Amino acid sequence: MSKAEVTNLFKKVRAQKRAVLTEVEAKQVLSVYWIPITKGLLVTKKEDAIKAAQKIGFPLVMKVVSPDIIHKTEAGAVAVGLKTIEEVLQAFETLQKNARAYKKGAKIHGVLIQEMASGREIIMGSTKDAQFGPTIMFGIGGVLVEVMRDVAFRVVPISKFDAAEMIHEVKGYKILQGVRGQKPISENAILTILLKVSQLISENPQIKELDINPLFVNEKEAKAADARIILE
């Protein structure tokens with residue numbers, strides 16, 4: 001996909017009278033800007049789920065992909081740590097059943113078979129401030145993000161210096177440096193992605209909100225495990 005195709009994707013989403021991209025669509029956009037994402041395959045049949053699991057390798061994460069379900073965890077539409085074909089087949093049925101029970105009539109594009117990333121969880125994102133316009137956010141991610149609210153903000157576009165400041169500014173920076181024998185994460189990987197997210201937001205003013213959460217980072221690399229984009 002090219003940057004021109006990103007624009008066409010946004011037009012297609014709007015033509016379908018929706019503002020929220022699916023996770024698969026959002027990750028396609030991230031990939032155009034060279035933001036690393038977890039390996040994944042979207043499947044609609046059990047036999048394809050088996051092939052995808054064998055190709056990607058265990059352990060796996062599985063998620064229902066639906067434009068009508070934003071919060072997949074709340075819908076019971078996510079399964080993690082799957083280690084066998086039997087678990088994959090069971091999840092394939094159960095996740096879709098849960099999604100339909102959560103929201104009747106929901107359109108289901110399929111089930112995403114995804115590698116299980118490792119590392120510490122961080123969050124990156126963007127919102128439009130009424131006064132300053134597009135902003136970029138970085139912080140400690142995962143399920144605790146709404147509780148800890150340990151985040152740093154800057155106005156887009158940002159410089160390499162700004163990105164480094166954001167990383168060091170959060171209180172959880174000590175966790176990223178490594179505690180109790182853990183290796184420090186790759187700050188360069190985070191810094192690089194922050195700059196790429198800034199570019200993505202700057203070049204696509206039709207984006208109202210962007211969330212990459214969690215973004216797993218370890219001592220070598222960082223990968224976006226989930227992403228959400230909301231258009232104006």
Side-chain angles (χ1 to χ4, degrees), residues 1 6 21 23-41 56-57 59-61 63 72-73 78 80-81 112-127 134-146 148-154 156-204 207 209-229:
M1 180 179 280
V6 168
L21 276 66
E23 178 180 344
V24 171
E25 291 168 336
K27 284 181 173 177
Q28 288 175 338
V29 174
L30 297 187
S31 293
V32 171
Y33 285 83
W34 299 97
I35 297 169
I37 62 172
T38 46
K39 291 184 294 184
L41 293 169
I56 295 173
L60 292 167
V61 176
K63 310 173 188 177
K72 298 183 287 290
T73 302
V78 178
V80 301
L112 181 63
I113 313 289
Q114 178 182 297
E115 70 171 304
M116 194 166 176
S118 62
R120 271 149 278 181
E121 296 179 55
I122 60 175
I123 182 173
M124 291 186 194
S126 175
T127 57
T135 62
I136 187 169
M137 176 264 291
F138 165 80
I140 302 301
V143 295
L144 296 177
V145 62
E146 293 183 3
M148 296 180 67
R149 297 189 180 278
D150 185 15
V151 294
F153 287 91
R154 293 293 186 279
V156 170
I158 61 171
S159 66
K160 188 174 182 179
F161 178 80
D162 294 325
E165 266 196 340
M166 292 176 74
I167 296 170
H168 296 165
E169 194 172 298
V170 296
K171 296 175 182 177
Y173 177 64
K174 291 183 179 179
I175 298 174
L176 301 180
Q177 286 181 301
V179 294
R180 295 186 177 180
Q182 290 181 323
K183 294 182 179 179
I185 55 87
S186 171
E187 286 190 35
N188 186 62
I190 300 177
L191 188 149
T192 300
I193 296 176
L194 276 169
L195 293 174
K196 290 175 179 176
V197 170
S198 175
Q199 181 186 1
L200 166 60
I201 297 302
S202 297
E203 294 182 2
N204 297 278
I207 294 178
E209 293 181 25
L210 165 67
D211 280 310
I212 303 174
N213 182 38
L215 191 154
F216 284 94
V217 59
N218 54 41
E219 66 274 15
K220 296 180 180 179
E221 61 183 3
K223 287 184 179 182
D226 203 344
R228 180 178 66 173
I229 292 177

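Predicted model only: the values in this text are computed from it and were never measured.
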*Asks:* Roughly how far, to the nearest 0.5 Å, is CD1 of Ile212 from CG of Asp226?
*Replies:*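 These two atoms lie 10.0 Å from each other.
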*Asks:* Is Met124 close to Ile190 at the side-chain level, that is, under 4.5 Å between some pair of heavy atoms?
*Replies:*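 Ile190 reaches Met124 side chain to side chain.
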*Asks:* If every non-hydrogen atom of Ala163 is compared with every non-hydrogen atom of Leu191, which pair is closest and at what distance?
*Replies:*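 Nearest heavy atoms, Ala163 then Leu191: CB-CG, 3.9 Å.
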*Asks:* Would you check, one step at a time, whether the test side chain to side chain contact (heavy atoms under 4.5 Å, CB included) holds for Ile136 with Ile201?
*Replies:* CA-CA 8 Å; Ile136 187 169; Ile201 297 302; over 6 Å; no
*Asks:* Hey, does the side chain of Ser126 reach the backbone of Thr135 with a donor-acceptor pair shorter than 3.5 angstrom?
*Replies:*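 A pair under 3.5 Å: yes.
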*Asks:* Looking only at heavy atoms, which two atoms of Glu219 and Ser186 are closest? And how far apart?
*Replies:*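 Minimum heavy-atom separation between Glu219 and Ser186: O-CB, 3.6 Å.
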*Asks:* Please confirm whether the backbone N or O of Trp34 pairs with a side-chain atom of Lys196, one donor and one acceptor, at under 3.5 Å?
*Replies:*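 Yes, the answer is positive, given that a donor and an acceptor are paired below the 3.5 Å cut-off.
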*Asks:* How many angstroms lie between atom NZ of Lys63 and atom NZ of Lys72, to the nearest 0.5 angstrom?
*Replies:*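 NZ of Lys72 is found 5.5 Å from NZ of Lys63.
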*Asks:* From Ile207 CD1 over to Leu200 CG, what is the distance, rounded to the nearest 0.5 angstrom?
*Replies:*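 If I round to the nearest 0.5 Å, the distance is 4.5 Å.
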*Asks:* In Å and rounded to the nearest 0.5 Å, what is the OG1 to NZ distance from Thr192 to Lys160?
*Replies:*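 Reported value, rounded in 0.5 Å steps: 7.5 Å.
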*Asks:* Return the set of residues passing side-chain hydrogen bond (donor to acceptor under 3.5 Å, both in side chains) with Lys27 (not counting sequence neighbours), or none when no residue passes.
*Replies:*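 By the side-chain hydrogen bond (donor to acceptor under 3.5 Å, both in side chains) rule, Lys27 matches Glu23, Thr38, Gln114.
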*Asks:* When rounded to the nearest 0.5 angstrom, what is the spacing between CZ in Arg154 and CG in Leu194?
*Replies:*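 It comes to 10.5 Å.
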*Asks:* Of all the heavy-atom pairs spanning Ser198 and Val156, show the shortest one and how long it is.
*Replies:*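 Nearest pair, atom of Ser198 first, then Val156: O-CG1, 3.6 Å.
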*Asks:* Is there a side-chain contact between Ile158 and Phe138 in this structure, where contact means two heavy atoms from C-beta onward sitting under 4.5 Å apart?
*Replies:*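 No, their side chains stay 4.5 Å or more apart.
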*Asks:* Can you confirm whether Tyr173 sits close enough to Glu187 that some side-chain heavy atom of one is under 4.5 Å from a side-chain heavy atom of the other?
*Replies:*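 They are in contact (side-chain heavy atoms under 4.5 Å apart), so the answer is yes.
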*Asks:* Which atom pair, heavy atoms only, marks the closest approach of Ser202 to Pro157?
*Replies:*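 Looking at all heavy atoms of both residues, the closest pair is OG-CB, 3.7 Å.
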*Asks:* Please give me the minimum heavy-atom distance between Ala222 and Pro36, naming the atom from each residue.
*Replies:*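 Between these two residues, the closest heavy atoms are O-CB, 3.2 Å.
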*Asks:* Can you name the closest pair of heavy atoms from Leu210 and Ile229 and give their distance?
*Replies:*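 What the structure gives for the nearest pair is CD1-CG1, 3.5 Å.
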*Asks:* To the nearest 0.5 Å, tell me how far Leu41 CG sits from Ile56 CD1.
*Replies:*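 Taking CG in Leu41 and CD1 in Ile56, the distance rounds to 4.0 Å.
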*Asks:* Met137 versus Ile123: any side-chain heavy-atom pair under 4.5 Å?
*Replies:*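 Of all side-chain heavy-atom pairs linking Ile123 with Met137, at least one is under 4.5 Å.
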*Asks:* With side chain to side chain contact (heavy atoms under 4.5 Å, CB included) as the test, would you mind laying out the steps for Arg120 and Phe216 before giving the verdict?
*Replies:* CA-CA 5 Å; Arg120 271 149 278 181; Phe216 284 94; over 6 Å; no
